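Step one of this worksheet: look at the structure below.
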There are 2 protein chains.
Amino acid sequence: MKRKITLKQIARELDVSISTVSKALSNSKEISEDTTQKIQAFAKLYNYKPNNIALSLKNRKTKTIGILIPEIVHHFFSTVIRGIELIANRRGYNVIVGLSNESFTKEIINMEMLANGSIDGFILSISKETLLKQDYHHFHATINQGMPIVMFDRVVSEVDCDKVIVDDFTGAVKAVKKLIDSGCKRIGLITTMDYVSVGKLRTQGYLEALEDRGVVADSNLILKIDDSLDVENHLEILENEMTQFFKVNETIDGIFAVNELYAVTAMKVAKRLGLQIPNDIQVIGFTDGVLSKHATPSLTTVSQHGQKMGEQAANLLIDRLEAIDTESEQYFTNNERKSDFIKMVIETEIIERESTK
Amino acid sequence: MKRKITLKQIARELDVSISTVSKALSNSKEISEDTTQKIQAFAKLYNYKPNNIALSLKNRKTKTIGILIPEIVHHFFSTVIRGIELIANRRGYNVIVGLSNESFTKEIINMEMLANGSIDGFILSISKETLLKQDYHHFHATINQGMPIVMFDRVVSEVDCDKVIVDDFTGAVKAVKKLIDSGCKRIGLITTMDYVSVGKLRTQGYLEALEDRGVVADSNLILKIDDSLDVENHLEILENEMTQFFKVNETIDGIFAVNELYAVTAMKVAKRLGLQIPNDIQVIGFTDGVLSKHATPSLTTVSQHGQKMGEQAANLLIDRLEAIDTESEQYFTNNERKSDFIKMVIETEIIERESTK
DNA sequence: TGTTAACACGAAAACGTTTTCGTTGCGAAT
DNA sequence: ATTCGCAACGAAAACGTTTTCGTGTTAACA
């Protein structure tokens, strides 16, 4: 087993100085052709590759970006990671991922662990607990230390940084209008509690669409799921709530659900109650994941383009990182003006499938 | 904006030496109580945290493990990552992920990018193209440089390293026997091409189970899907193949599919052909993902316990890493004996749902 | 008073790079 | 013969730590 070879070892072997080796390998014309040849040949033979850690220390940048997300076993988040990784790799960066598991504390621990030199910047989506607590000091702290952050999807106006979001509001409006225009008269909304900003926005979109089309909203038609209970592992709870919901609202003929799971569960319950989809009731979900695609009937959804969000977030972050080294002075002064931060909105798109007419 | 403070700055501020600061912060009793107090207070005030990169360089270890997987938008792989991250975090490690995208070249590029000091060891699952080419030199190279590798799920006997696998063979046997014992007489197999080891093993398990129960295998009942075509985005192809398959085999009354997607698609096609599940035909899939859980009817599957695999892999890797520093000499000699490598088998479990009786 | 031991601290090396700034030797120009 | 310039290379600093090995001061002891 041969450990990785270093400049020092090459230098010793070839009886030259470390500087000479370094220069020869970077084709500096300070070094004679002879020596360069000899050194390069030797280096190739021993498969020399510069040590990244040493480079990071010297350059004070790691060429690594930190991703901090609430959960990885989740189609949307993994598509975002894929987008980030794609761009990062293309632009010469690595990605290191931390999972907050929706916990405030884990989010902080993870940030501190990574912020101490391991990465050049963050791409993150805020955990539910943090949103609930509304405590964003750790974000401010990292930004203050000169480490850029890009937030995506679950963002918050209190923190000044670049953001990539989806037009949740407009997406919801489009979805609900589509239901109305396809003949739905009484459209139910299945949503989460309001503290998750995206849920709130989608709810507002639902209301807006109704109003626009001159339909009066009926609070009976809104089902708010308490996501403090672990719904993913207790599907019965979800199904029971929805069954009740359908029984109370017999005339319901359309459903807009703020996520995939709610939508497919609603379809399942509806079918069980003898309703035909899309004839008796049409359904649209939010977040185009694997469930929507393979459900029977397949589900019409509002796609968030997770991968594109990831790509944009990565580009934003890397752009900023590389702006920092070129025009260092200018950056810092500009940075004071919060107007400098970019809020990028990814357009949603309705993917039509079998659950709507 | 305050950049992160360093030992040197603290030393200058407090008019002591760098060594003194370092020692005071680690509570060395070489330093007087007074000085220690003063330094610690100052450090806390300015929120001093040692720079990870500098530590990595000094200690010649990064406390980071590299994950290299074919694809992240995949329920199984993301559960594995979750498991790895859980253990890694608990034991003080970070994880950095690379995606090979099933490509041989990207796998190599990624390995080389990470192997130059960025990480202490790898946890990986081999890309399809690599399996097809049977070219494993990059794995040998990294291992030879003293960097440990743990492989999971898609492993290969040619590489000497720790491995975590699922008993694909036994899992398949159990599944097929369950179908037989539930009354199935003619059981179809939907599988992939043989070069993916796990697909092969599951196919062998299918055959073994039939033989054990005294059923003669019928090659008409085996459908091999060519996964070189992008099936994920051309569901019709898959559905057409399966429709043909069902039409040719009218008497089929059970299906064992080597993955989730094949299984739910088979159910969809079967239902479309007027078959009742599980009365007319029973279905079992492999890999317990989100699709199986939420399909209608929900799908009985063989669970691979991805998270547990990740946890075990992480523990194996970290154990080996920490063994290296303690008993460095002993390790190297032991390492020569390949018998030292652990192959850990995670038991599969059949999750019974509605698609079987 | 001279020796010693403990105490409190600093200097310097090391990890692996890159880069700036010498330094040496030598041929050419004056 | 002296100066100049250039070619080819080396020394050393720097990035931020930790750790080993001094070193100076003081107090205790013979």
Side-chain angles (χ1 to χ4, degrees), chain A residues 2-40 43 46-64 115-120 145-147 324-325 328, chain B residues 2-40 43 46-64 115-120 145-146 325 328:
Chain A
K2 319 169 181 177
R3 283 224 150 274
K4 293 217 57 120
I5 198 170
T6 69
L7 287 187
K8 189 192 280 194
Q9 294 170 42
I10 300 185
R12 194 183 310 143
E13 276 328 291
L14 264 49
D15 210 46
V16 290
S17 77
I18 296 183
S19 343
T20 305
V21 179
S22 175
K23 288 171 188 165
L25 290 178
S26 55
N27 283 313
S28 160
K29 54 199 172 98
E30 258 183 82
I31 307 299
S32 76
E33 207 151 325
D34 274 7
T35 325
T36 303
Q37 293 263 334
K38 194 174 55 177
I39 293 181
Q40 291 194 351
Y46 283 89
N47 190 31
Y48 170 80
K49 295 280 167 51
N51 180 303
N52 277 332
I53 295 293
L55 284 179
S56 296
L57 184 58
K58 179 126 205 13
N59 303 329
R60 279 130 122 241
K61 66 180 91 134
T62 61
K63 290 268 179 183
T64 303
N116 297 315
S118 305
I119 61 167
D120 295 339
Q145 304 215 327
M147 177 161 297
I324 293 178
D325 14 278
S328 61
Chain B
K2 318 171 183 178
R3 285 223 149 273
K4 293 216 55 119
I5 199 171
T6 70
L7 287 187
K8 188 191 279 194
Q9 295 169 42
I10 300 185
R12 194 183 310 144
E13 261 351 273
L14 263 48
D15 209 47
V16 290
S17 77
I18 296 183
S19 346
T20 306
V21 179
S22 175
K23 289 170 189 165
L25 290 178
S26 55
N27 281 314
S28 159
K29 53 199 172 92
E30 255 183 86
I31 307 299
S32 76
E33 205 150 327
D34 275 6
T35 323
T36 303
Q37 293 265 334
K38 195 174 54 179
I39 293 180
Q40 291 196 350
Y46 282 89
N47 191 31
Y48 170 79
K49 296 278 168 53
N51 180 303
N52 277 332
I53 295 293
L55 283 179
S56 295
L57 184 59
K58 179 133 210 8
N59 302 330
R60 282 132 119 242
K61 67 179 88 135
T62 60
K63 290 270 181 180
T64 303
N116 298 314
S118 304
I119 61 167
D120 295 339
Q145 304 215 327
D325 9 284
S328 60

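Remember, predicted model here, so these are calculated numbers, not experimental data. Keep in mind that the numbers below use all heavy atoms, side chains included, and drop hydrogens, waters and symmetry copies.
Residue A/K8 contributes atom NZ, which lies 14 Å from atom C1' of D/dA12 at whole-angstrom precision. Here C/dT17 presents its C1' atom at 13 Å from CD1 of B/I53, a figure rounded to the nearest Å. Straight-line distance from the CD1 atom of A/I5 to the P atom of C/dC15: 14 Å, rounded to whole Å. Rounded to an integer number of Å, the gap from CD of A/E30 to C1' of C/dT19 is 9 Å. We find that NZ of B/K29 is positioned 12 Å from C1' of C/dA6, with the value rounded to whole Å. Per the geometry, CD1 belonging to A/I39 stands 13 Å off P belonging to D/dA8, to the nearest Å. Atom P of nucleotide D/dT18 and atom CG of B/L57 are separated by 12 Å, given to the nearest angstrom. A/L7 has its CG atom 9 Å from the C1' atom of C/dT18, to the nearest Å.
Counting only heavy atoms from C-beta on, B/S17 has its side chain closest to C/dG10 among C/dG10, D/dA11, C/dT18. Of all nucleotides listed (C/dA14, C/dC9, D/dA12), D/dA12 comes nearest to the side chain of A/S19. The side chain of A/I18 sits closest to C/dT18 out of D/dT20, D/dG16, C/dT18. For A/I31, the side-chain atoms get nearest to D/dC9 when compared with the rest of C/dT17, D/dG16, D/dC9. If you check C/dT17, C/dC15, D/dC15 against the side chain of A/R60, the one that comes closest is D/dC15. Nearest nucleotide to the side chain of B/Y48, out of D/dT17, D/dT18, C/dT17: D/dT17. Distances were taken from every side-chain heavy atom of A/T6 (C-beta onward) to each of D/dC9, C/dG16, D/dG16; the shortest belongs to C/dG16.
Pairing each heavy atom of A/E30 with each of A/K23, the nearest pair is OE1-NZ, 3.2 Å.
B/T35 comes within 4.0 angstrom of the backbone, heavy atoms only, and of no base. Within 4.0 Å of B/L55, counting heavy atoms only, lie sugar-phosphate atoms of the nucleic acid but no base atom. The residue B/S32 sits close only to the backbone: its heavy atoms come under 4.0 Å of sugar-phosphate atoms, none of a base.
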**Message:** Working note: B/L7 + B/L25, criterion side-chain contact (heavy atoms from CB on, under 4.5 Å); need CA distance, chi angles, decisive distance, verdict.
**Reply:** CA-CA 10 Å; B/L7 287 187; B/L25 290 178; 3.9 Å; yes
**Request:** Determine, stepwise, if the pair B/K4 / B/N51 fulfils side-chain hydrogen bond (donor to acceptor under 3.5 Å, both in side chains).
**Result:** CA-CA 9 Å; B/K4 293 216 55 119; B/N51 180 303; over 6 Å; no
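For the pair B/K58 and C/dG16, the criterion of a side-chain N or O lying under 4.0 Å from OP1 or OP2 is not met. For the pair A/K61 and D/dC15, the criterion of a side-chain N or O lying under 4.0 Å from OP1 or OP2 is not met.
Of the two residues near DNA chain C, A/K23 and A/N51, the one whose nearest nucleotide lies more 5' is A/N51. Each of A/T36 and A/A54 was assigned the nucleotide of DNA chain D with the nearest heavy atom; the assignment lying further toward the 5' end belongs to A/T36.
Distance check: A/T64 OG1 to B/I53 CD1 gives 7.0 Å after rounding to the nearest 0.5 Å. The distance from atom CD1 of A/I31 to atom CD of A/Q37, rounded to the nearest 0.5 Å, is 13.5 Å.
The number of heavy-atom neighbours closer than 6.0 Å to CG of A/D15, taken from other residues, nucleotides and ligands shown, is 12 or below.
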